[in-house]
Amino acid sequence: MKVSVWRGDESGGFETFTVPTQESQTVLDVVAWIQQNQDYSLTYRYACRVGMCGSCAMMVNGKPRWTCRTHINKVVVDNKLEIAPLRNLPVIKDLATDMDVFFDKWIAAEGLHHPSSTRDDPIEMIDPESPNRQQANAGIECINCAVCYSSCDTVNNNPDYLGPAALQRAWTVYNDAKDNDKDKILKSVSGSGGCHNCHTQGSCSLYCPNELKPMEAIAGLKRASIMSLLKRGK
C-alpha cells in the first residue's frame with residue numbers, strides 16, 4: 001500500500017512510503033515498519049503496548065484514532081493511507097505532538113481533587129449507586145489520549161477553549177462526594193474558554209475510543225454553573 005506520512009513540524013509536508021500489507025496489521029504496525037525498515041528518523045509516540053494506552057493517537061485519513069487499535073482493512077482506501085499528527089496540538093516533529101497545552105488546560109479546568117479530609121481522618125464511605133457517583137463514574141475511564149481534543153472544532157477555532165477532556169475531568173471531580181471545592185471548579189469552567197463555549201457538535205463523543213460522553217459532561221457543567229449563578233443572585 002501507499003502510505004503518506006507527515007514529516008517535519010507544522011510547516012512540513014507528507015512523504016509517501018510503500019509498505020507491504022500483512023495479516024491483522026494496524027496503523028501503528030505500519031508506522032513502526034516504516035521507522036524500522038525505511039526511515040530510522042521517523043518520529044512518533046507510543047507506549048500503549050507497555051502499559052500506557054492512548055499515547056499512540058494520530059490522525060488517520062483525517063480522523064483521530066488510536067493507531068494500535070485501528071486495523072488497516074478498516075481505514076485503507078484504494079490501497080492508500082494518510083497518517084498525520086493529532087490536530088489542534090503543536091507538532092514537535094513528524095507524528096509527535098506537544099501535549100503540554102492539553103494538560104495545562106486539564107489543570108486550568110480544576111480537574112484536581114480538592115480534599116475534604118486528611119489521611120488521619122476515617123475513610124468516608126461513598127454509596128456507589130448514588131446519582132453523583134454514577135455521574136463521576138461515567139467519565140472516570142478517560143485516559144487523556146487527546147482524541148476528543150483533536151476532533152473538536154471549537155478548539156480549532158478558539159485556542160483558549162479548555163476542550164472536552166479537561167471539562168469532562170472537571171465534571172468527574174465536581175460529582176465526587178469527597179471533593180471540597182466545587183465552587184472553584186465551576187468558576188474555572190464557566191469563564192472565558194470554559195464550558196459555555198462548547199457548540200455541542202458532538203465530535204468528542206463520536207470519536208472517543210473509550211465510548212465516553214464528554215458532551216454530556218459539558219452539558220452538566222453548563223447546568224451547574226448557571227444554577228450556581230442564579231443562587232448567588234438571590
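For the numbers below, each heavy atom of this structure counts, side chains included, while hydrogens, waters and symmetry mates do not.
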Partner residues of F102 under the ring-ring contact (aromatic ring centres under 6.0 Å, His included) criterion, sequence neighbours left out
Y149
May I ask whether L229 and L221 are part of the same hydrophobic cluster, defined by side-chain heavy atoms of I, L, V, M, F, W, Y residues being less than 4.5 angstrom apart, directly or through others?
no
Would you find a donor on one side and an acceptor on the other, under 3.5 Å apart, between the side chain of K80 and the backbone of K2?
no
When rounded to the nearest 0.5 angstrom, what is the spacing between OG1 in T154 and CG in D160?
12.5 Å
Checking the side chain of S130 only, and the main-chain atoms of D127 only, is there a donor and an acceptor separated by less than 3.5 Å?
yes
Ring centre gap for W106 and F103 strictly below 6.0 Å:
no
How close do L86 and A146 get, counting heavy atoms only, and between which atoms?
CD1-CB, 4.0 Å
Nearest heavy atoms of C142 and L212, plus distance in Å:
N-CD1, 3.4 Å
Donor-acceptor check, side chain of Q135 to backbone of D176, threshold 3.5 angstrom: yes or no?
no
For residues 183-197, which side-chain donor-acceptor pairs fall under 3.5 Å, sequence neighbours excluded?
residue : atom : partner : partner atom : Å
S188    : OG   : K184    : O            : 2.9
S190    : OG   : L186    : O            : 2.6
H196    : NE2  : S225    : OG           : 2.8
N197    : OD1  : N158    : ND2          : 3.3
N197    : ND2  : G194    : O            : 3.3

Determine the minimum heavy-atom distance between A224 and W171, stating which atoms define it.
CB-CZ3, 4.3 Å
Calculate, to the nearest 0.5 Å, the distance between atoms SG and CG belonging to C68 and L28 respectively.
6.5 Å
Nearest 0.5 Å, what's the CG-OG1 distance between D29 and T21?
12.0 Å
Check for a donor-acceptor pair, side chain of D39 on one end and backbone N or O of Q35 on the other, with a separation under 3.5 Å.
no
Would a distance-only check, ignoring hydrogens and angles, find a side-chain to backbone donor-acceptor pair under 3.5 Å from D94 to G8?
yes
Provide the closest heavy-atom pair for I126 versus K178 in the form atom of the first, atom of the second, distance.
CG1-CE, 3.8 Å
Heavy atoms from other residues, nucleotides or ligands near CD of Q38 exceed 12 (cutoff 6.0 Å)
yes
Is the backbone of S116 close enough, under 3.5 Å, to the side chain of N180 for a donor and an acceptor to pair up by distance?
no
Please determine whether residues W6 and M1 belong to a single hydrophobic cluster, defined as Ile, Leu, Val, Met, Phe, Trp and Tyr linked transitively by side-chain heavy-atom distances below 4.5 Å.
yes
State whether a side-chain donor-acceptor pair under 3.5 Å links H114 with D179.
yes
Let me confirm one number: the CE-OG1 distance from M59 to T67, rounded to the nearest 0.5 Å.
12.5 Å
Between the OG1 atom in T172 and the CG atom in N132, the distance rounded to the nearest 0.5 Å is 11.5 Å
Y44 meets the ring-ring contact (aromatic ring centres under 6.0 Å, His included) criterion, sequence neighbours left out, with Y46
Interatomic distance, N210 atom CG to C145 atom SG [nearest 0.5 angstrom]:
7.0 Å
Would you say the side-chain atoms of T97 pair up with the backbone N or O of M99, donor to acceptor, closer than 3.5 Å?
no
Are W33 and L42 in one and the same hydrophobic cluster, where Ile, Leu, Val, Met, Phe, Trp and Tyr link if side-chain heavy atoms are under 4.5 Å apart?
yes
Heavy-atom donor-acceptor pair, Q25 side chain to Q22 backbone, under 3.5 Å
yes
Judged by modelled atom types alone, do S41 and R7 share a side-chain donor-acceptor pair under 3.5 Å?
yes
Apply side-chain contact (heavy atoms from CB on, under 4.5 Å) to V5 and M58, showing your working.
CA-CA 11 Å; V5 180; M58 304 172 197; over 6 Å; no
Least distance between heavy atoms, L81 atom then I83 atom
CD2-CD1, 4.0 Å
Expected output: side-chain N175 to main-chain Q134 donor-acceptor under 3.5 Å:
no
D9 side-chain N/O to I92 backbone N/O, donor-acceptor pair under 3.5 Å:
no
